[in-house]
Structure formats: C-alpha cells, structure tokens
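What you see is a predicted model; the values in this text were computed from it and never measured.
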Amino acid sequence: MNPTLPTLIPYQDHYPYVPVMVKRPLATFDPIAVAKIVHQMGNGFALTIDRHQRYSYFSFKPQRSLTGRQLAKHKRPANETLQAILNQYRTPRIQGLPPFTGGLIGYFGYEYVQQFVPKLHLKSPATADLDDLGLFLVRSVLVYDHRHHELGLTQLISTADLAATYAVTQTALTQQLAAIIEQLQQPIALPPFDLQQPLHMQADQATYARQVDRIRQHIYAGDIFQMIYANPCLGTMSGSLLAVYQQLQKTAAPYTCYFKQANFEMTVASPETLVTKDGEQIATYPLAGTRRRGRTPAEDQQLAHELQTSPKEIAEHNMLVDLGRNDLGQVAKFKSVRVTNLRRLIRYSQVMHLGSRVAAEVAPTTTALQVLAATFPAGTLAGAPKIEAMTLINHYEQVPRGAYGGYLDCNGNLDMAIGIRLAYRMNEQLVIPAGAGIVADSIGAQEFKECQNKQRVIVNAVQDAKGRVKDGIIN
C-alpha cells in the first residue's frame with residue numbers, strides 16, 4: 001500500500017518526516033542489474049533480506065557517507081551522532097510499507113564495540129586501513145518485493161509543508177522509477193575481477209593448533225568458557241567484488257549484500273542475524289555448531305546426527321544461547337526474554353548449523369542503537385564471558401575483525417546481520433574472515449578445518465567469479 005496524503009496528515013504534528021512510495025509491477029527482476037548501477041555510481045549498496053518475506057533494497061545516491069574516522073573528528077561519541085541523525089529524520093511506522101524505507105545502512109566493524117564498552121582497548125582498524133563503521137544516510141530507497149513482484153521507490157519527505165511536498169514528490173518518484181526501469185533494460189558489463197595473489201590462510205594448521213592449545217589453557221584456568229578464534233583467508237585482487245556478489249546469489253542465504261564506499265568494498269551471504277527490532281519486539285539468533293554438508297544424502301544425514309548429538313557442540317551452543325538471553329536482558333522488559341527455538345538444524349549449501357532464536361520485548365522509548373549496544377558483538381563471534389573473551393581475542397589475533405551489516409530505519413526498527421560468509425577488500429587487499437569456537441575439549445586441527453568449511457562458500461564464489469571473468473562471461 002502506498003501511503004495517501006490523508007493517511008500521512010495525522011503524523012505531521014508528531015514526526016519531522018514521513019515515508020512516501022510509488023511502485024510498479026515488475027514480473028522479472030535481476031538484483032545484479034541494479035547492483036551494476038550501484039557500482040557505476042561509486043557509492044551505494046544492494047541488500048536482499050529473505051526471512052519471513054523477501055525484499056531487495058538499493059541506493060545509488062546516498063545523502064551522506066559516514067565512516068568511523070570521520071565521526072572520530074567530532075567532539076561527541078559516534079553513537080550520539082548516529083542517534084542525532086536518526087532523530088532528525090524520525091518517521092512513523094506505516095502498515096503496508098517495506099520494512100526499510102530510509103535511514104542508516106551499511107556496516108559496523110567488530111572494533112566498534114569500544115563505543116559501548118570503553119574499557120576495552122582493541123587494535124585500531126586503522127592499522128589495516130579500515131574503519132570501525134561505514135554507513136550511508138539514505139532518504140530514498142529502491143525496493144523490490146519478491147512476493148508481489150513489485151518495484152518501488154521510497155522517499156522520506158518533510159512534514160513542514162506536507163500537502164505541497166507530497167504532490168511534488170509523487171510526481172518526481174513516478175518519473176524516477178520509470179527511468180530506472182528503462183535503465184535496467186540496458187546491458188551493463190560486470191567490472192573486471194582477478195586474484196593477483198592466491199588465497200591462503202593467515203595461519204597454517206600447525207600454527208593455528210598451537211594457538212588453540214594456548215587458548216584452552218585460559219579455559220582450564222577459569223579465565224573464559226569459550227573464545228572464537230579467527231583465521232582469515234587472505235589474498236590480493238584487482239577490479240571489483242561485484243562478480244563475487246553475482247556468484248553468491250546462488251546461496252539463498254537470508255542476507256546477501258554488496259556494499260561500496262570509496263575504496264572499501266564488501267560482499268556477504270550471511271546465514272546469521274545479530275539482532276532485529278520491530279516496534280517493541282526484539283530478537284537475536286545464535287548460530288553455533290558446524291558440520292560440512294555430506295557428499296551423499298546418507299553422509300549428510302550422518303553428519304547432521306553427529307552435529308545434533310555432539311556434547312561439545314551442544315555445550316558450545318547452549319553457552320551462546322545463554323549469552324544471547326543475557327544480552328537481550330539488558331534492554332528487555334522484566335521477564336519478557338524467552339527462547340522460542342532451540343538448536344534447530346539449519347542446512348546451507350556448504351555447511352549445516354545449529355540455530356536458536358531468543359526474543360523479548362522492550363519499552364517504546366528503547367532505541368535501536370541501545371538494542372545494538374546490548375548485543376554487539378554477538379557471542380558467536382566473541383565467546384563467553386564476552387568482555388573477557390574479547391580481551392583475549394585482542395591478544396591472540398593480529399589483524400582487526402570484519403563487519404556486521406544491516407540497517408537502522410528512521411522509524412526505530414533495526415535489522416543487523418553478522419558478517420560471516422563475507423569477503424571485503426580495502427584497495428587491493430582481500431580478506432575472507434572466519435573463526436572457530438574454542439572450548440575446553442577443542443582439537444586444533446578440527447577447528448582449523450571448521451574455519452575452512454565456513455569460508456568455503458565465499459572461496460568458491462571468488463574462484464568461480466575469477467573463472468567467469470577470465471572466460472569472458474561478464475554479463
């Protein structure tokens with residue numbers, strides 16, 4: 001439903017902005033075609049979220065580009081600046097519109113946790129020429145509704161002179177949407193992509209296993225119960241990750257994303273939600289416990305049974321579910337935290353996981369950034385207890401961590417994915433992060449293999465993208 005002027009008028013005395021939308025039927029839609037336009041424009045994003053209903057969101061011309069290093073120049077904390085922006089463009093939630101109609105979209109780096117926990121002193125992402133956040137402020141979003149096969153264009157408009165602004169905006173959006181649909185009919189070649197240096201693990205198996213044994217000593221000493229120890233896959237590249245994003249369309253992951261901000265580029269096919277906020281409902285989705293997919297149906301079933309009955313995997317998962325309950329409990333209404341799914345088997349193209357859902361309610365005044373602060377970073381990427389695990393991560397890992405991607409809507413909602421099954425590049429440096437959960441009975445060689453299993457879908461996409469571009473298949 002497109003909001004009509006009579007629908008919006010009651011909000012003009014209570015909100016500085018309201019969302020409007022125009023849409024047209026579009027039977028076939030290729031997100032890659034729009035992502036190519038995003039790449040051509042220089043800065044922008046392509047994000048598909050496929051859970052209860054599938055939407056794809058795009059922006060070619062963000063109103064503002066924000067990075068951690070930019071915000072560090074301000075006198076107030078970055079979180080206060082972000083909240084001020086969301087307050088400036090605050091909108092009501094209107095039934096019938098897509099979940100995201102405008103706001104802040106992009107990524108928060110793992111090191112952004114220092115905004116929430118100042119006593120942590122982590123390696124600066126600037127040491128790897130990275131930012132601890134990269135966000136776009138967008139007031140206009142191109143959105144495709146895959147269920148109803150409709151392409152729409154949203155715009156946040158000021159309520160100061162609503163009647164006049166509404167009429168002008170409806171006309172402008174209608175013309176812009178028609179022009180975009182026409183532009184999508186024109187063929188655009190993918191930009192080039194090539195690996196300059198073959199992909200390799202940062203630590204070889206023997207080195208990684210030795211570090212796992214050292215981390216286990218901290219567990220036996222009672223310092224922590226669990227720690228996620230990363231072993232990224234590294235390489236150098238030329239061109240663009242857009243060809244890798246094209247390959248990731250085959251994965252059917254809940255989140256697929258392409259993001260470009262100056263010299264930073266990221267693509268992701270994430271199976272895991274960090275946290276969502278929909279009105280007063282919040283939820284987090286711990287995903288922990290991994291096996292590769294079987295080569296035959298019988299082997300796949302055997303590996304699934306092994307995963308579901310492994311005392312180590314069950315203990316690791318339960319620990320992270322408890323951590324999720326504690327995280328939500330920081331902002332939830334009293335006695336509202338509940339586990340609605342526990343250790344459900346979830347199969348993806350290359351691996352299978354155990355997944356749970358923890359939900360709660362919050363007060364109407366609780367902001368999305370407060371919910372993010374309570375859950376960031378996920379226990380599944382840090383460990384337990386979280387602060388102690390992050391302190392040890394900072395000691396044992398040599399490079400900054402990866403990104404969490406999603407959006408904070410100006411209507412107060414939030415949807416944030418965890419940056420797993422992800423590749424990012426700054427200039428020519430290519431990184432494919434992954435980590436394994438280290439517990440008391442971990443075996444280093446097996447944890448090394450788990451990192452490789454988790455990276456496999458991205459590594460395969462990189463190799464396939466390289467092959468297709470080499471063969472001249474670039475449409």
Any idea which heavy atoms bring [X] and [Y] closest together, and the distance?
X    : Y    : answer
V362 : A332 : CG1-CA, 4.2 Å
I228 : G383 : CG1-N, 3.9 Å
P92  : V18  : CD-CG1, 4.0 Å
D223 : P385 : O-CD, 4.4 Å
L8   : P19  : CD2-O, 3.9 Å

So among Y424, F45, F376, F259, which one has a ring-ring contact (aromatic ring centres under 6.0 Å, His included) with Y107?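 Of the listed options, the one satisfying the test is F259.
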When you compare the side chain of [Y] with that of [X], does any pair of heavy atoms fall below 4.5 Å?
X    : Y    : result
V358 : T340 : no
F29  : L151 : yes
Y285 : I418 : no
S140 : Q63  : no
L248 : I458 : yes
Y229 : E397 : yes
L26  : E150 : no
I85  : L137 : yes

Any donor-acceptor pair under 3.5 Å from [X] side chain to [Y] backbone:
X    : Y    : result
D278 : N413 : no
T284 : L274 : yes
T169 : T165 : yes
K260 : V38  : no
R139 : Q155 : no
Q249 : Y245 : yes
T174 : Q170 : yes
D131 : L133 : no
Q12  : A160 : no
T159 : P16  : yes

Can you find a side-chain donor-acceptor pair between [X] and [Y] that sits under 3.5 Å?
X    : Y    : answer
Q247 : K250 : yes
N79  : Y112 : yes
N453 : R456 : yes
R421 : S270 : no
R425 : N263 : no
E265 : Y258 : yes
T101 : T154 : no
T7   : T4   : yes
Y396 : H218 : yes
T67  : Q261 : no

Among residues at least two apart in sequence or on other chains, which ones pass ring-ring contact (aromatic ring centres under 6.0 Å, His included) with H146?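 Partners of H146 under the ring-ring contact (aromatic ring centres under 6.0 Å, His included) test: Y144.
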What's the separation between atom [atom1] in [X] and atom [atom2] in [Y], rounded to the nearest 0.5 Å?
X    : Y    : atom1 : atom2 : value
I346 : R344 : CD1   : CZ    : 4.5 Å
I420 : L287 : CD1   : CG    : 5.5 Å
M352 : R292 : CE    : CZ    : 8.5 Å
Q226 : I215 : CD    : CD1   : 11.0 Å
H39  : I32  : NE2   : CD1   : 12.5 Å
L153 : L173 : CG    : CG    : 5.0 Å

Can you classify the ring geometry of Y17 versus Y89 as parallel (below 30°), tilted (30 to 60°) or perpendicular (above 60°)?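 The arrangement is tilted - the two ring planes meet at 30° to 60°.
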Determine, stepwise, if the pair Y55 / I49 fulfils side-chain contact (heavy atoms from CB on, under 4.5 Å). CA-CA 6 Å; Y55 287 98; I49 300 179; 5.8 Å; no
Please list all pairs passing the salt bridge (charged side-chain N to carboxylate O under 4.0 Å, His left out) test where one or both residues lie in residues 159-181, with sequence neighbours left out.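 Found none.
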Take L142 and L177, measure what side-chain contact (heavy atoms from CB on, under 4.5 Å) needs, and give me the verdict at the end. CA-CA 8 Å; L142 184 70; L177 184 59; 3.9 Å; yes
Test V371 against T367 for side-chain contact (heavy atoms from CB on, under 4.5 Å), laying out the working first. CA-CA 7 Å; V371 174; T367 69; over 6 Å; no
Closer than 4.0 angstrom, basic N to acidic O: yes or no for [X] and [Y]?
X    : Y    : answer
E313 : R343 : no
K386 : D327 : yes
R291 : E306 : yes
K312 : D441 : no

Report the C-alpha separation of D300 and R347 in whole Å, then their side-chain angles, then the decisive distance to 0.1 Å, and conclude whether the salt bridge (charged side-chain N to carboxylate O under 4.0 Å, His left out) test is met. CA-CA 10 Å; D300 200 63; R347 287 181 166 95; 2.8 Å; yes
By the side-chain hydrogen bond (donor to acceptor under 3.5 Å, both in side chains) test, which pairs, at least two apart or in different chains, include something from residues 329-338?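 side-chain hydrogen bond (donor to acceptor under 3.5 Å, both in side chains) check on residues 329-338 returns E280-K333, R338-E361.
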Kindly determine whether T273 and Y255 satisfy side-chain hydrogen bond (donor to acceptor under 3.5 Å, both in side chains), including the steps that lead there. CA-CA 8 Å; T273 304; Y255 298 85; 2.9 Å; yes
Quick one, Y110 with D132, criterion side-chain hydrogen bond (donor to acceptor under 3.5 Å, both in side chains). Give me CA distance, side-chain angles, the key distance, then yes/no. CA-CA 7 Å; Y110 169 88; D132 61 2; over 6 Å; no
side-chain contact (heavy atoms from CB on, under 4.5 Å) for Q114 and E111? Distances and angles first, verdict last. CA-CA 6 Å; Q114 293 172 110; E111 289 75 22; 4.1 Å; yes
Near F225 CZ, under 6.0 Å, is it more than 12 heavy atoms from other residues, nucleotides or ligands?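 No, not enclosed.
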